[in-house]
Amino acid sequence: MIVFKSVLFVAMIFITSSMADRKLHAELNPGCFEPDHCTSVSKLLYIRADGDNDTVHYLFDFTQKPSLVIVTTANNANILVKYNETQSNVTIKFTKAPFYTFASVFNKMYEFDDVNDTALLNNGKHYLTIDFKKYDWNMNLFKININESVEVNISSNLYRAPSITKTGTVSITLKVYGKKDKGSKLPHLVHTPESGELTLTLDQLSTKFSSSRFAVELLTLSSFPFNKSEKLVAEQFSDDKSSSGTFVTYLMDTKGEEDEEGGGYLSWRPVVYKAANTHALNSSSTAQYTIQDYNSQDNEIDWISTPLYKLYGNELFKNSYLLKATNVSFGEPADGYYAKSNYLYWTFLVGVGAPPSSSLGFLEMSIIASLLLMLTITMILLFCIFMRWMSSKRNSIIYGQ
């Protein structure tokens with residue numbers, strides 16, 4: 001009976017670790033019956049993640065500014081996209097009112113002339129602003145592993161802006177998983193079925209300055225009221241399992257009524273890689289900056305270039321939502337600037353609910369399960385040997401041997 005319970009416990013660990021927490025479905029431009037027309041006005045990759053109690057909808061839109069919108073609803077809610085004649089008239093609705101919405105938008109990229117080699121955005125001597133909506137985005141990869149993961153990659157080497165010429169490739173990769181685990185590639189971010197992993201890559205991007213570095217401005221929307229807050233906190237943790245050492249992770253977390261958790265978040269480790277091989281020898285650092293309000297009239301044009309305007313329309317600008325912006329810059333002093341490698345690779349998470357912690361993945365759980373089984377069998381054997389010895393001892397006393 002003890003052995004049966006032990007084996008059952010181990011089997012449950014394996015089943016729990018391998019089964020998906022959510023069933024995934026993905027499609028390009030959902031509900032479209034005229035693909036040629038739809039793709040001319042919309043580039044929307046839709047991922048539906050069904051769980052036992054709710055559904056998480058991922059809207060990865062790259063029509064203009066690449067954006068990831070995460071919407072939670074009841075299980076029976078469906079997305080409805082109306083593909084009108086122009087981009088500005090496309091609308092997105094759900095058949096049931098969403099429980100919560102959180103989004104992250106690639107708004108702008110800054111090239112700054114870091115003549116003093118401080119690697120800080122605000123210390124740049126000259127600046128060049130690059131608007132993500134002026135890239136012509138195309139999808140290169142759309143990969144579905146049934147109920148395991150969805151991966152999509154978009155890229156552009158065409159930048160359209162007066163007096164600015166940019167060569168090289170900018171690409172963004174989104175990965176959504178059906179269960180909680182750890183990324184196989186450094187920086188080994190822990191993902192959940194309620195989060196998407198985004199990676200920004202700059203490959204052979206032409207530079208304007210001899211001491212150029214790059215930074216990205218990210219916008220966030222939370223359907224928590226506009227007068228609530230977003231906080232950027234740094235948390236230390238040890239991660240001997242994947243990289244051997246102590247690391248910091250940055251968490252940009254939304255807070256609701258009475259600082260309630262469960263809203264949306266961005267999370268990343270302060271590391272950027274300067275080669276496709278994400279080895280520690282190819283790494284540099286990121287710098288984080290304060291969170292700013294982004295709800296003035298001057299900023300409306302940026303929000304209009306996102307799927308959030310298709311979802312909420314002018315309600316976006318009526319102080320109904322928490323609209324914020326923050327910057328992250330790439331590089332550290334004495335690392336040779338961007339020109340040394342002409343390559344940058346940065347990964348972060350966008351999610352809803354409780355932010356993931358650096359917990360055990362499938363491999364670690366498998367090892368623990370095996371050790372527990374071996375320990376249980378060893379204890380049973382020792383118990384049997386002990387009982388046999390006690391029986392022999394008792395017989396010796398009874399029969400005087």
Side-chain angles (χ1 to χ4, degrees), residues 60 62 65-68 104-112 114 119-121 124 130 132 135 137 140-141 151-157 166 168-176 182-191 195-205 207 212-220 232 234-235 239 242-243 247-252 265-289 291 325-333 335-351 355-356:
F60 183 49
F62 48 101
K65 293 179 184 287
S67 310
L68 179 60
S104 180
V105 177
F106 287 92
N107 189 37
K108 293 170 184 172
M109 187 158 57
Y110 299 107
E111 181 182 349
F112 62 103
D114 187 20
L120 295 175
L121 178 60
I130 303 162
F132 275 98
Y135 276 105
W137 299 103
N140 307 309
L141 174 69
E151 181 177 358
V152 59
N153 172 266
I154 64 170
S155 68
S156 178
N157 54 16
K166 279 290 175 189
T169 302
V170 178
S171 68
I172 298 171
T173 302
L174 168 67
K175 295 180 182 178
V176 172
K182 188 175 296 183
S184 58
K185 191 174 182 179
L186 284 171
H188 297 305
L189 297 180
V190 178
H191 52 254
S195 67
E197 181 182 280
L198 287 168
T199 299
L200 173 68
T201 304
L202 310 182
D203 189 4
Q204 301 297 318
L205 201 60
T207 56
S212 284
R213 298 188 187 277
F214 288 94
V216 63
E217 180 181 62
L218 299 174
L219 308 184
T220 60
L232 180 65
E235 298 177 345
D239 195 3
S242 56
S243 304
F247 297 88
V248 172
T249 184
Y250 282 92
L251 178 66
M252 183 173 163
Y265 62 86
L266 306 183
S267 180
W268 67 92
R269 296 185 185 177
V271 60
V272 61
Y273 295 94
K274 306 186 77 174
N277 177 12
T278 57
H279 190 278
L281 295 176
N282 297 327
S283 66
S284 190
S285 300
T286 66
Q288 294 62 227
Y289 302 86
I291 301 170
T326 193
N327 295 322
V328 178
S329 62
F330 310 121
E332 62 187 28
D335 68 354
Y337 304 103
Y338 175 77
K340 183 175 181 179
S341 62
N342 285 314
Y343 188 92
L344 284 179
Y345 175 103
W346 180 60
T347 300
F348 66 103
L349 292 177
V350 183

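Heavy atoms only: backbone and side chains are in, while hydrogens, waters and symmetry mates are out.
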Kindly compute the distance separating CD1 (I130) from CG (L202), expressed to the nearest 0.5 Å.
-> 8.5 Å
L205 and M109: which non-hydrogen atoms are nearest, and at how many Å?
-> CD2-CE, 4.1 Å
Donor-acceptor pair, side chain of S284 and main chain of E332, under 3.5 angstrom | yes
Can you name the closest pair of heavy atoms from S212 and T207 and give their distance?
-> OG-CB, 3.6 Å
Test salt bridge (charged side-chain N to carboxylate O under 4.0 Å, His left out) applied to E217 - qualifying residues, sequence neighbours left out = none
Please test F62 against I172 for side-chain contact (heavy atoms from CB on, under 4.5 Å), starting from the C-alpha separation and ending with a verdict.
-> CA-CA 10 Å; F62 48 101; I172 298 171; over 6 Å; no
Do H188 side-chain atoms and G183 backbone N/O form a donor-acceptor pair below 3.5 Å?
-> yes
Indicate yes or no: at least one non-hydrogen side-chain atom of L68 is less than 4.5 angstrom from one of L198.
-> yes
Straight-line distance of L120 CG to D114 CG, nearest 0.5 Å | 7.5 Å
Exercise: identify the closest heavy-atom pair between Q288 and P270 = OE1-CB, 4.1 Å
Would you indicate whether the side-chain heavy atoms of T249 and W268 approach each other to under 4.5 Å?
-> no
In terms of side-chain heavy atoms, does N157 have a donor or acceptor partner in T169 at a distance below 3.5 Å?
-> no
Say you draw a straight line from OG1 of T199 to CG of N153; how long is it, rounded to the nearest 0.5 Å?
-> 9.5 Å
Set of side-chain contact (heavy atoms from CB on, under 4.5 Å) partners for L251, sequence neighbours left out | V233, E235, D253, Y265, S267, P355
Just by distance, do the side chain of S155 and the backbone of W137 share a donor-acceptor pair under 3.5 Å?
-> no
For K175, the salt bridge (charged side-chain N to carboxylate O under 4.0 Å, His left out) test, sequence neighbours excluded, returns none
Identified side chain to side chain contact (heavy atoms under 4.5 Å, CB included) counterpart of R213 within the set Y110, Y338, F112 = F112
So CD1 of I291 and CE of M252: to nearest 0.5 Å the spacing works out to 4.0 Å
How are the rings of F348 and W346 set relative to one another: parallel (under 30°), tilted (30 to 60°) or perpendicular (over 60°)?
-> parallel
Could you give me the CA-CA distance, side-chain angles and deciding distance for F214 and F330, then say whether ring-ring contact (aromatic ring centres under 6.0 Å, His included) is met?
-> CA-CA 6 Å; F214 288 94; F330 310 121; 8.4 Å; no
Between the side chain of Y337 and the main-chain N/O of A119, is any donor-acceptor distance below 3.5 Å?
-> no
Checking side-chain contact (heavy atoms from CB on, under 4.5 Å) for the pair L219/F106: CA distance, chi angles, key distance, verdict?
-> CA-CA 7 Å; L219 308 184; F106 287 92; over 6 Å; no
Donor-acceptor contact below 3.5 Å, side chain K274 vs main chain D335 | yes
Would you find more than 12 non-hydrogen atoms of other residues, nucleotides or ligands less than 6.0 Å from K185 atom NZ?
-> yes
Mind listing the closest non-hydrogen atom pair of L189 and L349 along with its distance?
-> CD1-CG, 4.0 Å
L174 and E151: CA distance, side-chain angles, deciding distance, side-chain contact (heavy atoms from CB on, under 4.5 Å) verdict | CA-CA 6 Å; L174 168 67; E151 181 177 358; over 6 Å; no
Residue pair S329 / Y289, side-chain donor-acceptor N/O under 3.5 Å | yes
Any P187 side-chain heavy atom under 4.5 Å of V271 side chain = yes
May I ask you to test the L200-V170 pair for a side-chain heavy-atom distance under 4.5 Å?
-> yes
With a 4.5 Å limit on heavy-atom distance, are the side chains of L218 and L266 in contact?
-> yes
Hey, what's the ring geometry for Y345 with Y343, parallel, tilted or perpendicular (30° and 60° as the breaks)?
-> parallel
If you measure from OH on Y250 to OG1 on T286, what distance do you get to the nearest 0.5 Å?
-> 7.0 Å
Locate the shortest heavy-atom distance separating K65 from S67; write the atom from each residue and the value.
-> O-OG, 2.8 Å
Using only heavy-atom distances, determine whether the side chains of E197 and S195 contain a donor-acceptor pair under 3.5 Å.
-> no
Heavy-atom side-chain proximity of F60 to V152 below 4.5 angstrom = yes
